[in-house]
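Comments concern the structure below.
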Amino acid sequence: MRIETAVTEDAIGGIPAPEDQRFFLDRLQRGREYGRAYLALLGSDLVGCVYLQLDEAEEPELRALLPDTPLIQRLRVFGPHQRQGIGPMLVAAAEHGARAEDFGRIALGVDVDPRRRPGEQQIDLVRFYQNLGYREWPHGLVKTFDDDEQKDGSWVRRPGLCRIFTKHFRTT
């Protein structure tokens, strides 16, 4: 198992969900100053990915209350590779990337829409991040959005709500 930084658009071809492919393609086209895509590879097979957004958040609450804070986005581990330690490895790679850019903390959001993430999955995901040292911020839910692909191939921006979690890095 190895974690690599995606440097070309070809690298994301193995992402199974079209909406995730579109997200990573868009982010890679924005350039390295905007963020980094990390890929988990088992041999030559792509088994997971995560994006570290270095640019400021789109949500006003995050820009105001978490300025200069990179965001972990779209952590994915594919099918049979879940629950094998790949998720923590991808999060660690994103954290390392944030520290390498001299950030003192990192943040992420957990979607609370039960249609997309049933309650049990939300609980598991929250526990996952808490076990990695993330703590929920005290400012409540944040209005977010997500892009959904429609059956006709068009994309629709859908509003959502997220719980926000942060992690501070220790300084030496």
Any side-chain heavy atom of Cys49 within less than 4.5 Å of one from Asp20? no
Any link between Phe128 and Leu90 through a network of hydrophobic side chains (Ile, Leu, Val, Met, Phe, Trp, Tyr) touching at under 4.5 Å? yes
Cluster link Met89 to Ile15, ILVMFWY, side chain under 4.5 Å: no
A side-chain contact here means heavy atoms from C-beta on lying under 4.5 Å apart; do Tyr34 and Gln53 qualify? yes
Out of curiosity, Glu56 CD to Leu71 CG, how far, rounded to the nearest 0.5 Å? 10.5 Å
NE2-CG distance between His81 and Leu42, expressed to the nearest 0.5 angstrom: 6.0 Å
Let me check something: do Val126 and Val50 share a hydrophobic cluster, defined by ILVMFWY side-chain heavy atoms less than 4.5 Å apart, either directly or through other members? yes
Do the side chains of Glu59 and Lys143 get close enough for a salt bridge, i.e. N-O under 4.0 angstrom? no
Give me the one residue out of Thr166, Val91, Ile72 that meets side chain to side chain contact (heavy atoms under 4.5 Å, CB included) with Ile106. Ile72
Separation of Arg36 CZ from Thr5 OG1 (nearest 0.5 Å): 7.5 Å
So how far is it from Arg105 CZ to His168 NE2, rounded to the nearest 0.5 Å? 5.5 Å
Could you walk me through whether Arg83 and Asp124 pass salt bridge (Lys or Arg N to Asp or Glu O under 4.0 Å), step by step? CA-CA 11 Å; Arg83 299 190 187 279; Asp124 288 347; 3.6 Å; yes
Roughly how far, to the nearest 0.5 Å, is OH of Tyr38 from CD of Glu95? 10.5 Å
Using a 4.5 Å cut-off on heavy atoms from C-beta on, say whether the side chain of Arg99 contacts that of Glu101. no
For a side-chain contact (heavy atoms from CB on, under 4.5 Å) check, start with the C-alpha distance between Gln73 and Phe24, then their side-chain angles and the critical distance, and finish with the verdict. CA-CA 10 Å; Gln73 298 177 318; Phe24 279 90; over 6 Å; no
Indicate yes or no: does Asp26 engage Arg22 in a salt bridge with an N to O separation below 4.0 Å. no
Can you tell me if His139 has over 12 outside heavy atoms packed within less than 6.0 Å of its NE2? yes
Considering non-hydrogen atoms only, spot the tightest contact between Gly109 and Ile164 and give its length. CA-CD1, 4.0 Å
Does Phe145 have Arg157 sitting over its ring (NZ/CZ under 6.0 Å from centre, angle to axis within 45°)? yes
I'd like to know if Phe165 and Leu65 are part of one continuous hydrophobic network [Ile/Leu/Val/Met/Phe/Trp/Tyr, side-chain heavy atoms within less than 4.5 Å]. no
Please report the interatomic distance CZ(Phe169) to NZ(Lys167), rounded to the nearest 0.5 Å. 7.0 Å
Residues Phe23, Tyr51; criterion ring pair (Phe, Tyr, Trp, His ring centres under 6.0 Å); working and verdict: CA-CA 9 Å; Phe23 173 88; Tyr51 189 75; 5.7 Å; yes
Are Leu75 and Ile86 in one and the same hydrophobic cluster, where Ile, Leu, Val, Met, Phe, Trp and Tyr link if side-chain heavy atoms are under 4.5 Å apart? yes
Cys162 and Val112, any side-chain heavy atoms less than 4.5 Å apart: no
Does Arg63 pair with Asp68 as a salt bridge, N-O distance under 4.0 Å? no
Please check if the distance between the ring centroids of Tyr134 and Tyr129 is under 6.0 Å. yes
